[in-house]
Amino acid sequence: MSIAALLPFIILIGAMFLMTRSAKKKQQQAAEMRNQMQPGTGVRTIGGMYATVKEVGDESVTLEAAPGVLFIFAKNAIGAVLDDEEYNRIVHGDDPSAIVPDDASALTADQDETVAEDAKPDLTKKSDAETEGKDAKGDGETGAK
C-alpha cells in the first residue's frame, strides 16, 4: 500500500486526537473552577440560577438563593463561579454606572423636542384651493383619466 492511501486515515485519527484532547482540557478547567468554590462565593448553575455557596462537599454543594432558602446541587451543576463584583452587579443591581430615572420622562425628553421641531406631514385630503388650479375631475367622473 502506498502512503497516499493511508493519508486520509492518518488525518482522521489526528483530528480525533485533537478533539478529545480539547474536550479533556475543557473538563479539567471546569473541574478546577468547581474546586475554587468556597463558602460565600457567588455561582451560576447550569440552569441559570444565581446563588451564594454555603457549604461545599465532595460531590454536592449547598447554595443559598435567598435568605434562608437553601438548595443542594451536584458540583457538576455549577456552570460558573463568579467574582464578587460580577455577582453583586447581576443579583443586587450594584452598578454605579447604570443610573435609572424614576420616571420615563428623562428618556423621552429629547425625542419630544425633535418631534415638535419636525413638521408633520399632512395626511388629509387635498383642499379645494389646491385642486382649483388643476383639473378638478375625480375618480369615477366622466373625463377622468
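Along the sequence shown, residues are numbered consecutively beginning with 1. As a basis for the values below, the full set of heavy atoms in this structure was taken, side chains included, without hydrogen atoms, waters or symmetry mates.
Using a 4.5 Å cut-off between side-chain heavy atoms of Ile, Leu, Val, Met, Phe, Trp and Tyr, Ile11 falls into a hydrophobic cluster with Leu7. Other members of the hydrophobic cluster containing Leu18, listed by chain and number, are Phe17; membership follows side-chain contacts under 4.5 Å among ILVMFWY residues, whether direct or relayed. Its side chain outside the 4.5 Å cluster rule for every partner, Phe9 clusters with none of the Ile, Leu, Val, Met, Phe, Trp and Tyr residues.
In this structure, the separation between CZ on Arg89 and CG on Asp84 is 13.0 Å, given to the nearest 0.5 Å. Here Tyr87 contributes atom OH and Thr41 contributes atom OG1; the two are 9.5 Å apart, rounded to the nearest 0.5 Å. Atom CD1 of Ile78 and atom OG of Ser60 lie 10.0 Å apart (nearest 0.5 Å). Once rounded to the nearest 0.5 Å, the distance linking OG1 of Thr62 with CG of Leu70 reads 7.0 Å. Rounded to the nearest 0.5 Å, atoms CZ (Arg21) and CE (Met19) are 14.0 Å apart.
Contacts classified as salt bridge (charged side-chain N to carboxylate O under 4.0 Å, His left out) and involving residues 65-77 (residues at least two apart or in different chains) are not found. Sorted by first then second residue, the salt bridge (charged side-chain N to carboxylate O under 4.0 Å, His left out) pairs that include residues 44-66, not counting sequence neighbours, are Lys54-Glu64. Listed by first then second residue, pairs satisfying salt bridge (charged side-chain N to carboxylate O under 4.0 Å, His left out) with a partner in residues 22-43 number zero, not counting sequence neighbours.
Note on Ile72 and Val61: separate hydrophobic clusters, where clusters join Ile, Leu, Val, Met, Phe, Trp and Tyr whose side-chain heavy atoms are under 4.5 Å apart, directly or indirectly.
Taking every heavy atom of both residues into account, Ala4 and Pro8 meet most closely at O-CD, 3.5 Å.
The local environment of CD in Glu86 is crowded, with over 12 non-hydrogen atoms from other residues, nucleotides or ligands closer than 6.0 Å.
Residues satisfying the side chain to side chain contact (heavy atoms under 4.5 Å, CB included) test with Met49, not counting sequence neighbours, are Thr45, Ala51, Leu63, Ala65, Phe71, Phe73.
For the side chain to side chain contact (heavy atoms under 4.5 Å, CB included) with Val81, the lone residue among Val43, Asn35, Val53 that qualifies is Val43.
Two residues are said to be in side-chain contact when any heavy atoms from C-beta on lie closer than 4.5 Å; Gln38 and Val56 fail this criterion.
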